[in-house]
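In what follows, residues are counted from 1 in the order of the sequence shown. Values in this document were obtained by computation on a predicted structure and should not be read as measured data.
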Amino acid sequence: MTELPEGIAPDTAKDRTTWMRRYTLEPALAEQFVEFLRTKVIPAREDRGFTVESMWLDDEKTELTWFVSRPGSAEDFAAAEREWEASDERAEIFAGTPNYVTSKDLRQVTRLR
């Protein structure tokens, strides 16, 4: 069985809420978007208690999928997500960025393994 990401013990995974975030991308901007996530978005989200468990880019660079978790209930996650979405920090990070993402599929998921 695959290990959980560093810092998430198997016995606490059930006490976390995880969301899958799947984005359809503009392929020409995919690598730039991944760098933007790694250097700007992920550190800011981690400072707010979120954990990026994994991130995947398809070979055609048209789809990026990442899994974001946070301790607590679905309601706790939703409240933290609303705070992030409404924050000045997020607005500053995204100000003037290209339209990397053409569509989104966001949903709560359950770890099965």
Audit row: R21, E81, salt bridge (Lys or Arg N to Asp or Glu O under 4.0 Å) steps and yes/no: CA-CA 13 Å; R21 304 178 69 87; E81 187 73 15; 3.2 Å; yes
Side chain to side chain donor-acceptor pair (under 3.5 Å) involving [X] - partner list, sequence neighbours excluded:
| X | answer |
| --- | --- |
| S73 | E75, D76 |
| Q108 | none |
| T102 | none |
| E63 | none |

Within the 4.5 Å heavy-atom criterion, are E60 and P27 side-chain neighbours or not? no
Side-chain heavy-atom pair T18, V68 within 4.5 angstrom cut-off: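 Answer no - side chains too far apart.
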Does anything in residues 27-38 form a salt bridge (charged side-chain N to carboxylate O under 4.0 Å, His left out)? List the pairs, not counting sequence neighbours.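 Salt bridge (charged side-chain N to carboxylate O under 4.0 Å, His left out) check on residues 27-38 returns E31-K61.
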Residues T62, E26; criterion side-chain contact (heavy atoms from CB on, under 4.5 Å); working and verdict: CA-CA 6 Å; T62 59; E26 183 60 50; over 6 Å; no
When you look at R45 and T51, which way does the side-chain hydrogen bond (donor to acceptor under 3.5 Å, both in side chains) test go after all the steps? CA-CA 8 Å; R45 288 182 69 96; T51 299; over 6 Å; no
ILVMFWY cluster, [X] and [Y] together (side-chain gap under 4.5 Å):
| X | Y | value |
| --- | --- | --- |
| I42 | V101 | yes |
| F67 | L37 | no |
| M20 | Y100 | no |

Note: L64 and L25 closest approach over all heavy atoms is CB-CD1, 3.8 Å
For the residue pair G49 and P71, what are the closest heavy atoms and their distance?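 Reported closest heavy-atom pair: O-CD, 3.7 Å.
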Describe, in one word, how the ring planes of Y23 and F33 are oriented to each other, choosing from parallel (under 30°), tilted (30 to 60°) and perpendicular (over 60°). tilted
For side-chain contact (heavy atoms from CB on, under 4.5 Å), just list the numbers for V41 and W84, CA-CA rounded to whole Å, side-chain angles, deciding distance to a tenth of an Å, and then say yes or no. CA-CA 11 Å; V41 177; W84 161 248; 4.3 Å; yes
Check ion pair E89-R48 (N to O, under 4.0 angstrom):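 Judged by the 4.0 Å cut-off on N to carboxylate O distance, E89 and R48 do form a salt bridge.
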Let me see the working for R22 and T65 under side-chain hydrogen bond (donor to acceptor under 3.5 Å, both in side chains), right down to the final yes or no. CA-CA 4 Å; R22 180 170 292 142; T65 304; 3.0 Å; yes
Those residues that, when tested against A78, pass side chain to side chain contact (heavy atoms under 4.5 Å, CB included) (two or more places apart): R82
Could you check whether W19 and T17, counting side-chain N and O atoms only, form a donor-acceptor pair closer than 3.5 Å?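 Per modelled atom types, T17 and W19 side chains form no pair under 3.5 Å.
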Please report the interatomic distance OG1(T97) to CD(Q32), rounded to the nearest 0.5 Å. 9.0 Å
Roughly how far, to the nearest 0.5 Å, is CZ of R111 from OG of S69?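 Between atom OG of S69 and atom CZ of R111 there are 7.5 Å.
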Answer yes or no: are there more than 12 heavy-atom neighbours, outside D47 itself, under 6.0 Å from its atom CG?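 More than 12 within 6.0 Å, yes.
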For R90 and D88, run salt bridge (Lys or Arg N to Asp or Glu O under 4.0 Å): C-alpha distance rounded to whole Å, both residues' side-chain angles, the deciding distance at 0.1 Å, then the answer. CA-CA 5 Å; R90 184 187 183 283; D88 290 340; over 6 Å; no
Ring centre gap for F50 and F77 strictly below 6.0 Å: yes
I'd like to know whether the aromatic ring centres of F36 and F94 sit less than 6.0 Å apart in this structure. yes
